[in-house]
Protein chains: 2
Amino acid sequence: MARATLRDVAQKAGVSASTVSRVFSRPEMVAADVRERVEEIARELRYLPNPIARGLARQRTGNLGVIVPDIANPYFTPLVKSLQSDARARGCNVFVADTDEHASRERDLGIAMSQQVDGIVLASPRMGDDEVRALAADVPLITIGRLVEGVSGVGTPANNGIRQAVELLAAQGHRRIAYLDGPPQSFVAVQRRGATLDAAEEFGCSVEVFGPFQAAVNAGRRAADLVLASDVTAVIAYNDQIAFGCMARLKECGRRIPEDYSIVGIDDSSVAEYCEPRLTTVRVPIVKAGALGLDILWDLMNSPRDRTPIVEELEADLVVRRSTAAR
Amino acid sequence: MARATLRDVAQKAGVSASTVSRVFSRPEMVAADVRERVEEIARELRYLPNPIARGLARQRTGNLGVIVPDIANPYFTPLVKSLQSDARARGCNVFVADTDEHASRERDLGIAMSQQVDGIVLASPRMGDDEVRALAADVPLITIGRLVEGVSGVGTPANNGIRQAVELLAAQGHRRIAYLDGPPQSFVAVQRRGATLDAAEEFGCSVEVFGPFQAAVNAGRRAADLVLASDVTAVIAYNDQIAFGCMARLKECGRRIPEDYSIVGIDDSSVAEYCEPRLTTVRVPIVKAGALGLDILWDLMNSPRDRTPIVEELEADLVVRRSTAAR
DNA sequence: ATGAAAGCGCTAACAG
DNA sequence: CTGTTAGCGCTTTCAT
C-alpha cells in the first residue's frame with residue numbers, strides 16, 4: 001500500500017506542493033477555504049507528511065533520544081516513562097535505547113542516534129567524561145544523574161541522603177555498617193561509596209565494603225551471605241535492588257529485619273515499597289531531574305549553539321520506613 | 001559543530017559523491033586504493049552517513065518500532081531488551097514506545113511510527129482488530145501475545161498453563177478459587193479469565209471473579225481484601241504483579257502462604273522469583289515469542305508485500321514453586 | 001570501476 | 001496568499 005505523497009494531494013487539489021506543505025506546517029498562512037479543501041483531500045488519500053523527508057528538509061527530526069544503562073532497572077523506568085510523555089507533549093517522539101551497562105555500547109548508540117534525533121538525554125552515563133563531551137559537541141545533550149564538566153545536565157547526588165542514613169543508623173546504635181558497592185562501570189557508585197565512608201567517619205561508625213555488585217536483585221542475594229559472615233549490624237546498599245535481594249536472602253537465612261539487621265537502600269524505586277518490611281531508602285529525585293533536564297535540553301535544541309552549559313543539582317533525602325530500627 | 005557531508009569527503013578525496021556513497025554502502029564496488037583513501041579522509045573529517053538522508057533515498061530507515069502497553073511492567077522489559085539486542089545484531093535501531101495501556105495512544109504511535117520505521121512489533125495490542133489490520137496494511141507489522149486475524153504474529157495463549165494450574169489446585173484439594181481479573185483494555189485478560197472458568201468446570205471447582213484490576217502490584221493489594229472477604233482457598237491472578245501484591249497484602253493481614261491461601265500468577269516475570277514464597281506461575285514464553293516474531297517480521301520487511309500472514313503459537317506451562325500447597 | 005544526473009518527499013526563500 | 005525554484009544528504013540508474 002503505497003502511501004500518498006504531497007504531490008498526489010497537491011495534484012488532486014489543484015494547488016501547488018508548497019500550499020499543501022503549508023497546510024501541514026503553517027496552516028495560518030493559507031486561506032481557509034483552500035486549507036479545508038486540501039485537508040479534505042489529504043484525509044481522503046490518507047496522506048500524512050513523511051517525517052523522514054521533513055527531517056531532511058527542516059534539519060530537525062522531531063525525535064528525542066533517551067539512553068539508559070538498563071531499561072529493566074526499576075530506577076530508570078519511571079524516568080523513561082515520564083520523559084516519553086513530556087516529550088510527546090512537546091510533539092516529539094522518543095527513541096529509547098538500553099546499553100546493558102556497557103560504556104562502548106553507550107558510545108555507539110550515542111553516535112548512531114546523534115544524527116537522527118534533535119537531542120539526547122543521557123541517563124547515568126557509563127562512558128568517560130571526554131566521550132560524553134565529544135558527543136555533546138555533535139548534538140544537544142544533557143546528562144541525568146551524573147554531571148560531566150562542560151556538559152549541561154542535572155545531577156542527583158545522594159550524599160546528603162546517605163549522610164542522613166548513616167546518621168540514623170548511628171543514632172539507632174549501629175556502629176559497624178556494611179556497604180554493598182555498585183557496578184564498577186557506574187560513576188555514581190564511587191560517589192555513593194565515598195559518601196558512605198565520609199559519613200561513617202563523621203558519625204563514628206566503621207564501614208566494611210563488599211562488592212562490587214551488579215545493580216540487580218540476585219547480586220544482593222549473594223551479598224547477604226557476605227554480610228552474614230561479617231559482624232556488621234546494618235547494611236547500606238548501592239541501590240534498592242541490591243538491598244531487596246540482600247534482605248530477601250537474610251530472611252531466608254532466618255534473620256529478622258529490622259531486629260537483626262537494619263537495611264538501607266538508595267534510589268527509592270518501586271521495589272522499596274514492595275520489600276517486606278518496606279525499605280528505608282534514599283530518595284533520588286530522578287523523575288524530577290528528568291523533567292528539569294528536558295527543559296534544559298529544549299533550550300539547547302532551540303537556541304544558538306555554544307551556550308555555556310546549564311547545570312542543576314537535585315538533593316536526595318532519606319525516607320525512613322520499616323527496614324531500620326534501634327539495636 | 002556542523003557534521004561533514006558526503007560532498008565534503010568527495011571533494012577532499014578528489015572523487016565523485018557516488019564513489020564515497022559506494023564506499024559506505026557497497027564497498028566491494030570500489031577499487032581498494034580509492035576506498036582506503038576515502039575511508040581515511042572520512043575518518044579524518046569524522047564523517048558518518050546521515051541516516052535520515054539515506055532513509056529518504058533508500059526508502060528504508062533501518063529502524064524498528066516496538067510498541068508495548070507498559071514499559072514498566074516486568075513482563076515486557078525482557079521482551080524489549082531482547083528485541084533491542086536482536087535488532088541491533090541485524091543492524092537496526094529500535095524505537096520503543098509505551099502506550100500507557102491506551103488503545104488510542106497505541107494507534108497514534110503506530111501511525112506516527114509507521115513512516116519512520118521499516119517494521120513494527122506490537123506487543124499485546126490494546127486496539128481493536130480492525131485498527132491493527134489497518135496499521136498492518138501500511139507497514140510490516142507483527143503482533144506478540146495476541147493474534148489478530150489476517151495479521152502475522154506470535155500468540156502466547158496461557159490456556160494450557162492455566163488448565164494445569166487449576167488441575168494442580170484441584171489435586172491439592174482446593175474447591176473454591178478466586179480469579180483476579182486483568183485490565184479491561186487487555187484482550188488477553190478475557191482469554192485468561194475464560195480459560196480459568198473452563199478449567200474450573202473441568203476439574204469441579206467454583207470460581208469467583210474479582211476485578212478488573214490494573215496490571216500492577218498495588219491493584220493486587222486491593223484484591224487481597226476482597227479475597228479475604230470471600231471463602232476461597234486459592235487465588236489465580238491475571239498476572240504476577242497482581243499476584244505479588246495480593247500475596248504481600250494477605251501476609252500483612254496475618255495469612256500464611258501457602259498454608260492459608262494458595263496463589264498462582266501468570267507470566268513468570270521476574271517478580272515471581274522475588275515473591276516470598278516464590279510464586280507458582282504460568283510461564284508465558286514472551287521472549288521466545290519476540291525472537292520468533294522478529295524472524296517473521298524480517299521476512300515481511302524483506303519480501304514482496306501481500307504475503308499471507310505467518311502465524312505461530314507458543315504454549316505456556318505451569319511452573320510450580322512455593323506459593324501453592326495442599327489444604 | 002567511476003562519474004553525471006535524477007530523484008527520495010518535503011521545506012523555505014523569493015517573487016508575484 | 002500562492003506558486004516557482006532550489007535544495008536537505010544520500011542512493012541509484014545509466015553511461016563511459
Side-chain angles (χ1 to χ4, degrees), chain A residues 1-39 41-42 45-63 91 111-112 114-118 138-139, chain B residues 1-39 41-42 45-63 91 111-112 114-118 138-139:
Chain A
M1 152 141 233
R3 268 233 164 276
T5 142
L6 195 55
R7 303 168 71 104
D8 300 335
V9 178
Q11 201 162 348
K12 186 148 182 189
V15 298
S16 77
S18 335
T19 301
V20 179
S21 169
R22 286 182 192 113
V23 168
F24 285 90
S25 4
R26 313 143 100 88
E28 71 283 0
M29 286 184 69
V30 30
D33 55 330
V34 180
R35 183 188 341 136
E36 273 157 34
R37 194 154 45 82
V38 170
E39 278 167 348
I41 292 182
L45 264 38
R46 304 184 50 234
Y47 166 79
L48 282 178
N50 179 324
I52 301 290
R54 180 178 269 191
L56 225 209
R58 284 210 234 201
Q59 300 289 71
R60 73 185 284 296
T61 61
N63 293 156
I111 292 171
S114 68
Q115 300 198 77
Q116 37 195 334
V117 300
D118 301 329
D138 282 348
V139 57
Chain B
M1 153 140 229
R3 268 235 164 275
T5 140
L6 195 56
R7 304 167 69 104
D8 299 336
V9 178
Q11 201 163 349
K12 187 148 181 188
V15 298
S16 77
S18 333
T19 300
V20 179
S21 170
R22 286 184 191 111
V23 168
F24 285 89
S25 6
R26 313 143 100 89
E28 71 283 1
M29 286 185 67
V30 28
D33 55 331
V34 180
R35 184 189 338 138
E36 273 158 35
R37 194 155 44 82
V38 169
E39 278 166 347
I41 291 182
L45 264 36
R46 304 184 49 235
Y47 166 78
L48 282 178
N50 179 324
I52 300 290
R54 179 177 272 190
L56 225 209
R58 282 212 240 214
Q59 300 291 67
R60 76 183 283 294
T61 62
N63 294 155
I111 293 171
S114 67
Q115 301 198 77
Q116 37 196 332
V117 300
D118 301 329
D138 282 348
V139 57

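These numbers come from the heavy atoms of this one structure, side chains and all, not from hydrogens, waters or symmetry mates. Just so we're on the same page: letters track the sequence lines, and every chain starts at 1.
Considering only heavy atoms from C-beta on, A:M29 stays 4.5 Å or farther from A:V23 through its side chain. The shortest distance between side-chain heavy atoms of A:Q116 and B:N63 falls below 4.5 Å.
Looking only at distances, a side-chain donor or acceptor of A:R3 sits under 3.5 Å from a matching main-chain atom of A:R46.
Annotation: the span from B:R54 atom CZ to B:L56 atom CG amounts to 13.0 Å, rounded to 0.5 Å.
Residues forming a side-chain contact (heavy atoms from CB on, under 4.5 Å) with B:R60 (at least two apart in sequence, or on another chain): B:R58, B:D118. With sequence neighbours excluded, the residues that form a side-chain contact (heavy atoms from CB on, under 4.5 Å) with B:T19 are B:V15, B:S16, B:R22, B:V30, B:V34.
When each of B:Q115 and B:M29 is assigned the nucleotide of DNA chain C bearing its nearest heavy atom, the one mapping closer to the 5' terminus is B:M29.
An angle of 30°, rounded to 10°, separates the two end axes of the helix from C:dA1-D:dT16 to C:dG16-D:dC1, each defined over five pairs.
Reading DNA chain C from its 5' end, the first and the last nucleotide to sit under 4.0 Å from a heavy atom of chain B are C:dA1 to C:dG9.
Applying a 4.0 Å cut-off to non-hydrogen atoms, the residues of residues 47-59 of chain B that approach DNA chain C are B:L56, B:A57, B:Q59, listed by residue number.
Nucleic acid contact for A:V20: none, since no nucleic acid atom lies under 4.0 Å from a heavy atom of the residue.
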At a cut-off of 3.5 Å, list every protein nitrogen or oxygen paired with a nitrogen or oxygen from nucleotides 4-6 of chain D, distance to 0.1 Å.
unit_1	atom_1	unit_2	atom_2	d
D:dT4	O4	A:S18	OG	2.9

